[in-house]
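Each chain gets a letter, A, B and so on, in the order its sequence line appears, and its residues count up from 1.
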Amino acid sequence: QQRWSLAIHGGAGVILRENMTPEEEASHKAALAAALDAGSEVLKTGGTALDAVEAVIVRLEDDPQFNAGRGAVFTWDETNELDAAIMDGRTREAGAITGVTAIKNPILLARAVMADGRHVFLSGAGAETFAKDRGIETVDPAYFRTERRLESLKRMKANALSALDVDHKFG
Amino acid sequence: TVGAVALDTHGNLAAGTSTGGLTGKRWGRIGDAPIIGAGTYADNRSCAVSATGAGEYFIRVGVAREICSRLRLTDLPAQTAADEVMAEVKELGGDGGVILVTPAGDALFSFNTPGMYRGRATSEGMREVAIFAGE
C-alpha cells in the first residue's frame, strides 16, 4: 500500500498552558484527535486527500472551541462572517468563499465552487445564492454565535483592545 | 482558523482552510485563509499547505504558494522551506503557523507563536496532537 499522511491545525497564537485549565487542554486535544482520526480513516481506506481534508474540517467547523463555523469570532457589527478554501493538488483546481453568514459548513461550499469549475472565489450574497442552488446546508446565523466569542468582542470594544488582546489565537 | 492537508494513497495532495477571521473585523476585511496561495495551496509537484495567523502578513508573503514554490524549484528540505518562509512573516511583523504535507509523505508544522492547535498522522503509525510549542 502507498503511503498516506495528514496534518491538521485549529489555529495558532498566544496559547499558553498557564492560561488554560487542564480540562480545556484535554478538551481541545480530544477534539483534534477526533478530527485527525476522521481524516485518517478516509485515507486508510483508500479515500482521496480531498475527502480527508473535508472530513477533518467539517468536524472542526462543527466544534465551538475553534474559530471556524460554529464558534467563529464576531465582526465589529456582532455578526459571524465565514471564509473557506480548498485545493486539489492533482489538478490545481481550487474553490474559495468569503463573507458568508448562513452556510453551516463553509468548506463544503468552497468544494462545491471548485467542483463547479467556472470560478475560484465567490463572496457574500452571491456565494450564498450559489450555495442555495447547489443544495448546501444553511442555518440561522445565530447557530454560529457563542457567548465566549461575543464576550471577546465586547471586551475588545470596551477597552479599545486589538483582536490579538482578546483572542488567544489568530485566524 | 482550522485547516487540513493530506496525501492520499494515490499520491495526490489536497489542502483546505476554514475560518471566522479576526475578532472585530470591519469593512469586509478578508484574511489569508480563503486566498489561494496565501493561506491555502496544494500542488502534487511540491506540497500542500494550510496556514493560520495574522492574515495580512500571510497575504503579503504569499506563504502557502511560496513554500510550495521553494520545494518545487530547490532542493531544500520541506521543514527548512517552511521555516524560512515563516521567518519572512516574522520579519515583517506577523505571527502564525503552517501545516504541510509533501509527496514523500512528510507531515510537518512550522509556527512562530507560543502555541498552535495541531495534529498529524501517517501510514507509518504516527498519530499525535499537541498545543504548545515544544510539545
Compute whether any side-chain donor of one residue and acceptor of the other, for Thr74(B) and Arg70(B), lie under 3.5 angstrom apart.
no
Look only at the side chain of Arg155(A) and the backbone of Leu153(A), and say whether a donor-acceptor pair between them is shorter than 3.5 Å.
no
We want to know whether Thr23(B) and Ser152(A) form a side-chain donor-acceptor pair, criterion being a heavy-atom distance below 3.5 angstrom.
no
Greatest number of heavy atom pairs closer than 4.5 Å to chain A - which of Gly97(B), Ala104(B), Gly28(B)
Ala104(B)
Establish, from distance only, whether the side-chain atoms of Thr101(A) and Glu81(A) form a donor-acceptor pair under 3.5 Å.
no
Short question: side chain of Glu84(B), backbone of Ala81(B) - any donor-acceptor pair under 3.5 Å?
no
Can you tell me which portion of Ala133(B) sits under 4.5 Å from chain A's heavy atoms? Options are side chain, backbone, both or neither.
neither
Under a 4.5 Å heavy-atom cut-off, does chain B meet the side chain of Asp88(A), its backbone, both or neither?
both
Taking the side chain from Asp83(A) and the backbone from Gly99(A), do they hold a donor-acceptor pair closer than 3.5 Å?
yes
If we ignore angles and hydrogens, is there a donor and acceptor under 3.5 Å between the side chains of Ser50(B) and His9(A)?
yes
Top contributor to chain B contacts, counting heavy-atom pairs under 4.5 Å, from Gly95(A), Pro106(A), Gly47(A)
Gly47(A)
Counting only heavy atoms closer than 4.5 Å, note whether Asp106(B) contacts chain A via side chain, backbone, both or neither.
backbone
Expected output: side-chain Gln79(B) to main-chain Phe109(B) donor-acceptor under 3.5 Å
yes
Relative to each other, are the rings of Phe66(A) and His28(A) parallel, tilted or perpendicular (30° and 60° limits)?
perpendicular
Heavy atoms of other groups near Arg59(A) CZ, more than 12 under 6.0 Å
no
Using modelled atom types and a 3.5 Å cut-off, is there a donor and acceptor pairing between side-chain atoms of Ser123(B) and backbone atoms of Arg3(A)?
no
Taking side chain as everything from C-beta outward and backbone as N, CA, C, O, which of these in Val56(A) sits under 4.5 Å from a heavy atom of chain B? Side chain, backbone, both or neither.
side chain
Does Trp4(A) have Lys44(A) sitting over its ring (NZ/CZ under 6.0 Å from centre, angle to axis within 45°)?
no
Interatomic distance, CG@Leu108(A) vs CD1@Ile97(A), rounded to 0.5 Å, equals 10.0 Å
Within residues 110-147 of chain A, which residues come under 4.5 Å of chain B, heavy atom to heavy atom?
Val120(A), Phe121(A)
Would you say Arg149(A)'s side chain and Gly71(A)'s backbone share a donor-acceptor pair under 3.5 angstrom?
yes
Using non-hydrogen atoms and a 4.5 Å limit, figure out which bit of Thr75(A) sits close to chain B: side chain, backbone, both or neither.
both
Can you list the residues of residues 35-48 of chain B that sit under 4.5 Å from chain A, counting heavy atoms only?
Ile35(B), Ile36(B), Thr40(B), Tyr41(B), Ala42(B), Asp43(B), Asn44(B), Arg45(B)
Max heavy-atom pairs within cutoff under 4.5 Å with chain A, candidates Gly11(B), Pro34(B), Pro103(B), goes to Pro34(B)
Would you confirm whether Thr80(B), through its side chain, and Leu76(B), through its main-chain N or O, come within 3.5 Å as a donor-acceptor pair?
no
Would a 4.5 Å heavy-atom cut-off, applied to side chains only, mark Leu71(B) and Leu100(B) as touching?
yes
Output the option from Gly3(B), Ala6(B), Ala14(B) having the highest count of non-hydrogen pairs under 4.5 Å with chain A.
Gly3(B)
Non-hydrogen contacts under 4.5 angstrom with chain B: give the residues of residues 30-40 of chain A involved, or none if there are none.
Leu32(A), Ala33(A), Leu36(A), Asp37(A), Ser40(A)
Structural part of Glu54(A) lying under 4.5 Å from a heavy atom of chain B
neither
If you count heavy-atom pairs within less than 4.5 Å of chain B, which of Ala84(A), Ser5(A), Ala72(A) leads?
Ser5(A)
Heaviest contributor of heavy-atom pairs below 4.5 Å to chain A, chosen from Gly105(B), Ala121(B), Gly16(B), is Ala121(B)
Can you list the residues that meet the side chain to side chain donor-acceptor pair (under 3.5 Å) rule with Asp8(B), with sequence neighbours excluded?
none
Specify which of Thr91(A), Thr98(A), Ile107(A), Thr79(A) makes the most heavy-atom pairs with chain B at under 4.5 Å.
Thr98(A)
I'd like to know if Phe111(B) and Val5(B) are part of one continuous hydrophobic network [Ile/Leu/Val/Met/Phe/Trp/Tyr, side-chain heavy atoms within less than 4.5 Å].
yes
Donor-acceptor pair, Asn67(A) side chain versus Val73(A) backbone, under 3.5 Å?
yes
Are Arg70(A) and Asp63(A) close enough for a salt bridge, meaning some N to O gap below 4.0 Å?
no
Which region of Glu128(B), side chain (C-beta onward) or backbone (N, CA, C, O), has a non-hydrogen atom less than 4.5 Å from a non-hydrogen atom of chain A, or is it both or neither?
backbone
